[in-house]
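Note sheet for the following structure.
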Protein chains: 2
Amino acid sequence: MGELSSKLEDYLEAILVVQQEKKVARVKDLAEILMVRPPTVNSAIKKLERLGLVEHQNYGYISLTPKGEEIARCVYERHKTLLDFLVRVLGVDPKKALAQACGMEHSINEFTRKKIQALSEFFACKPEILKLWHQFCDERKKENNSGGGGKS
Amino acid sequence: MGELSSKLEDYLEAILVVQQEKKVARVKDLAEILMVRPPTVNSAIKKLERLGLVEHQNYGYISLTPKGEEIARCVYERHKTLLDFLVRVLGVDPKKALAQACGMEHSINEFTRKKIQALSEFFACKPEILKLWHQFCDERKKENNSGGGGKS
DNA sequence: TTATTTTTTTAGCCTAATCTAAAAATATTC
DNA sequence: GAATATTTTTAGATTAGGCTAAAAAAATAA
C-alpha cells in the first residue's frame with residue numbers, strides 16, 4: 001500500500017511512451033527502452049498487474065489500467081517539464097538532460113512540477129528577461145575564467 | 001568500478017553532516033538521520049570502507065577519507081543548491097522541499113548544479129525580476145481558480 | 001503444413017539494501 | 001570495580017530488481 005517504486009514508475013511511463021509511438025506495447029519494446037532483459041520486464045509487469053496498474057495476458061500486449069495510466073501520465077508530465085527546464089532554461093545539453101530528468105522525475109511533487117513549468121514559461125514569455133539571465137551566466141563564466149589562469 | 005549508488009552517497013553525505021554538527025560521526029547518528037537501523041549502517045560502512053571512502057575501526061568513530069569527503073561534499077553541494085532553489089525561487093514549503101532535494105541530489109551533474117545555483121542568485125540579485133516572477137505565478141493561480149468553479 | 005526464427009515465459013541465481021534477534025564491546029552509574 | 005545500560009556488531013532472513021539459460025508459445029518463411 002506504500003508508494004510505487006521509481007523502477008515501477010519507469011515501467012508505467014515506458015508503456016505509455018511505447019503506446020504513443022507504436023499503438024501497443026510488448027515486452028520486447030519495454031526491455032529495449034528501459035535497457036533491461038525481457039525476463040526483468042516480465043516480472044515487473046506481473047507486479048504491476050497485481051497492483052491493478054496494467055493488464056496483460058500471457059504472450060499478449062501490455063496495456064495500462066485507468067489507474068496505471070493516471071500514474072504514467074503524472075510521471076511523464078514530470079519528465080517533460082524537467083527536460084524542458086533543463087534544456088531551455090538552464091542550457092543543459094539535451095542528451096545529458098535526458099538522463100538527469102529521468103533521475104529527478106521520481107522525486108518532485110505536483111506543486112513543484114507546476115512551478116518549474118511556470119518558470120520555463122516565464123522565461124519563454126519574457127525574452128528580455130531571458131536575455132538578462134543569459135548575460136548573467138556569461139558574466140559569471142568570465143569571472144571564473146579570469147581569476148586563476150595558469151598553474152600557480 | 002561503476003558509479004556509487006545513491007544510497008551509499010547518502011551515507012557519505014550523512015557522515016559529513018554529522019561531523020559538522022557533532023565533531024564525530026557514530027553508527028547511531030547515521031542510523032537516526034538516515035532513518036535506518038544500526039546494522040544497516042554497519043554494512044553500508046563496511047562497503048564504503050572496502051571502496052576506500054571511509055575509515056572505521058570496530059566500535060569506533062567513522063570518518064571520511066579524502067576521496068570520500070570529496071564525494072560527500074559534491075552530494076552536499078547539490079543538496080544545498082536544490083533546496084535553496086526549491087524554497088527561495090519556487091516557493092516550495094521547506095519540509096516538502098527537503099524530501100524532494102534528497103531525491104534529486106543524486107541525479108544532477110555539476111554543470112546543472114552550477115546553473116541552478118546561478119538561477120537562484122540571479123533572482124536574489126534582481127528583486128524587480130523576482131517580483132515579476134511572483135506576479136506571473138499569481139496571475140496563473142487566478143486563471144486556474146476562475147475557469148471551472150463548481151461541479152459542471 | 002512443416003521448419004525456422006522470434007518472442008515470451010519459467011526457473012533459478014545474484015546483489016543491494018533493508019530488517020530482527022542476539023551476542024559482544026563499550027560506557028555509565030551506583 | 002561491579003552492575004547496568006547503551007551501542008555496535010554478527011548472524012541470518014527478506015524484498016526488489018536485475019541476470020542467464022532453457023522451455024514454451026507465437027510468428028514467419030519455405
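Throughout, protein chains are lettered first and strands after them, A, B, ... in sequence-line order, and every chain is numbered starting at 1. Since we're looking at a predicted model, the values are computed, not measured. Just the heavy atoms: all of them, side chains too, but no hydrogens, waters or symmetry mates, feed the values below.
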From [atom1] of [X] over to [atom2] of [N], roughly how many Å is that when rounded to an integer?
X     : N      : atom1 : atom2 : result
B/D10 : C/dA16 : CG    : P     : 16 Å
A/I45 : D/dG18 : CD1   : C1'   : 15 Å
A/M35 : D/dG17 : CE    : P     : 17 Å
A/K7  : C/dT15 : NZ    : P     : 17 Å
A/L34 : D/dC19 : CG    : C1'   : 16 Å
B/Y61 : C/dA25 : OH    : C1'   : 14 Å

[X] side-chain N/O to [N] phosphate OP1/OP2 under 4.0 Å:
X     : N      : answer
A/R37 : D/dT20 : yes
A/S5  : D/dA16 : no
B/K47 : C/dT15 : no

Exercise. Pick one: which of A/Q117, A/E110, A/E9 meets side-chain hydrogen bond (donor to acceptor under 3.5 Å, both in side chains) with A/R78?
Worked result: A/E9

Exercise. Under a 4.0 Å N-O cut-off, is there an ion pair linking A/R26 with A/D29?
Worked result: yes

Answer whether the closest heavy-atom distance between the side chains of [X] and [Y] falls below 4.5 Å.
X      : Y      : value
B/E13  : B/H79  : yes
B/L51  : B/L8   : yes
B/L30  : B/I62  : yes
B/D138 : B/K141 : yes

Exercise. Using a distance-only test with no angle check, is there a side-chain donor-acceptor pair under 3.5 angstrom linking B/R88 and B/S120?
Worked result: no

For this session: Using five base pairs at each end, measure the axis-to-axis angle across the helix from C/dT1-D/dA30 to C/dC30-D/dG1 and round it to 10 degrees.
Result: 10°

Exercise. In the 5'-to-3' direction, what one-character label does each nucleotide of nucleotides 4-9 of chain C receive under the scheme B = base within less than 4.0 Å of a protein heavy atom, S = sugar-phosphate only, - = no such atom?
Worked result: ---SBB

For this session: For B/E77, check salt bridge (charged side-chain N to carboxylate O under 4.0 Å, His left out) against everything at least two apart and list the hits.
Result: B/K80

